[in-house]
There are 2 protein chains.
Amino acid sequence: MEHRIDRIKKQLHAQSYKLTPQREATVRVLLEHEADHLSAEDIYLLVKEKAPEIGLATVYRTLELLSELKIVDKINFGDGVSRYDLRKEGAEHFHHHLVCIECGSVEEIMEDLLGDVEKIIESQWGFQVQDHRLTFHGLCKVCQTATVKST
Amino acid sequence: MEHRIDRIKKQLHAQSYKLTPQREATVRVLLEHEADHLSAEDIYLLVKEKAPEIGLATVYRTLELLSELKIVDKINFGDGVSRYDLRKEGAEHFHHHLVCIECGSVEEIMEDLLGDVEKIIESQWGFQVQDHRLTFHGLCKVCQTATVKST
DNA sequence: ATTACTTTATAATAATTACACTTTATGCTT
DNA sequence: AAGCATAAAGTGTAATTATTATAAAGTAAT
């Protein structure tokens, strides 16, 4: 944990930003909830537990900053709120998501499944890919069996 | 054009919805701007040109209805607004997008490049895919050459 | 004519951003 | 090292923007 905080600190310093206590608290919340896909509001509330004096605007600004530095990814699953997701160590690509349309659960896929597809895009469309967002919508394992049962 | 309106009319009727004049006007705007990715507001303004008495809420409701019936796709490129995009005739999958981070242009890709990937998702994660969203962010052809020149 | 849909205009809500002001950190001068 | 100037960051609140809800009125079909 400390190690990752440290790395992020360095990433900030590299662009001459500082890891202020508020920013650190925010990053810690993100680290502690890596599996979730928290909204800005969620993060704000969690940060407030450890640092009650922090302001919502600061959380938003911190998230935006982290987002610009590609430390977190800002994602949007289509329900009016933006969610923020830490990039994994050394991952230079955005990970994929499986969103269940029944229960709303979100699963992450770390593997990069788009290598071939990106090659096609670059050669056939002349588009230089820098990043991608891939989300699948469908039924997760649990809801598949639940659906079968109920019919 | 009339043919496509007709088909959409039938799709609505099949679910016992009617193609009211307001809905038709909205659909016509979508058809006339198929290449664009209009926001609800954009659509509202365009619809207003031909049917000034229409209300914004109606446009929103129509778009939501069309979205539910999978006649249009609601997409989100990360700039706070939802955009609406007609599905192509007979396309049962969501098409992909190439968004240029320099000039903001959006190109569409009709081919389904995810067949193999979806198979992997289903077999390896047990997730039953129903739809997907795939967006690439990067540099379009024009901006690539522009960038080279300016350096 | 009654019933269920739709639409309209407007108000309400919710997420995000802008603003004016205060606090904190940093560097320079002595 | 102490004191001051400058810049960066943070705070609470107000403003903005997109979207949704609501109540009243209009349409259309049985």
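All chains are named by letter (A, B, ...) in the order of the sequence lines, taking the proteins before the strands, and each is independently numbered beginning at 1. Just the heavy atoms: all of them, side chains too, but no hydrogens, waters or symmetry mates, feed the values below. The model shown is predicted, which means the values in this text are computed figures rather than measured ones.
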Below 4.0 Å: OP1/OP2 of dT6(C) and any side-chain N or O of Thr20(B)
no
Please give, in whole Å, the distance from dA4(C) C1' to Gln15(B) CD?
18 Å
Start at the 5' end of DNA chain D and walk down; is the nucleotide closest to Glu53(A) or to Lys18(A) reached first?
Lys18(A)
If I take atom CG in residue Leu65(A) and atom P in nucleotide dT17(C), what distance separates them, rounded to the nearest angstrom?
14 Å
Starting at atom CG of Leu19(A), determine the distance to atom C1' of dT24(C), rounded to an integer number of angstrom.
15 Å
If you compare every side-chain N and O of Tyr60(B) against the phosphate oxygens of dT19(D) (OP1, OP2), does one of them come in below 4.0 Å?
yes
How many whole angstroms separate atom CD of Glu41(B) from atom C1' of dT16(D)?
13 Å
CD of Glu68(A) versus C1' of dT17(C): gap in Å, rounded?
14 Å
Phosphate oxygens OP1/OP2 of dT19(D): is one of them under 4.0 Å from a side-chain N or O of Ser82(B)?
yes
Within 6.0 Å of CG in Asp116(A), more than 12 heavy atoms from elsewhere
no
Whole-Å distance, Leu56(A) CG to dA14(C) C1', equals 12 Å
So with a 6.0 Å cut-off around CZ of Phe77(B), is the heavy-atom count from everything else above 12?
yes
Treating Arg23(A) as the side-chain partner and Lys18(A) as the backbone partner, does any N or O pair qualify as donor plus acceptor under 3.5 Å?
yes
Starting at the 5' end of DNA chain D and moving along, which residue's nearest nucleotide shows up first, Lys74(B) or Pro21(B)?
Lys74(B)
Whole angstroms only, please: what is the CD1-P distance between Ile75(A) and dA15(C)?
16 Å
Of the listed dT8(C), dG12(D), dG10(D), the closest approach to the Ala57(A) side chain comes from dG12(D)
Without decimals, in angstroms, what is the distance between Arg61(A) CZ and dT23(C) P?
16 Å
Would you say CD of Glu68(B) has more than 12 non-hydrogen atoms from neighbouring residues, nucleotides or ligands within 6.0 angstrom?
yes
Would you kindly compare Arg23(B) and Ala40(A) by the position of their nearest DNA chain C nucleotide and give the one closer to the 5′ end?
Arg23(B)
Under 4.0 angstrom between Gln22(A) side-chain N/O and dT24(C) OP1 or OP2
no
Is the number of heavy atoms from other residues, nucleotides or ligands within 6.0 Å of NZ (Lys9(A)) greater than 12?
no
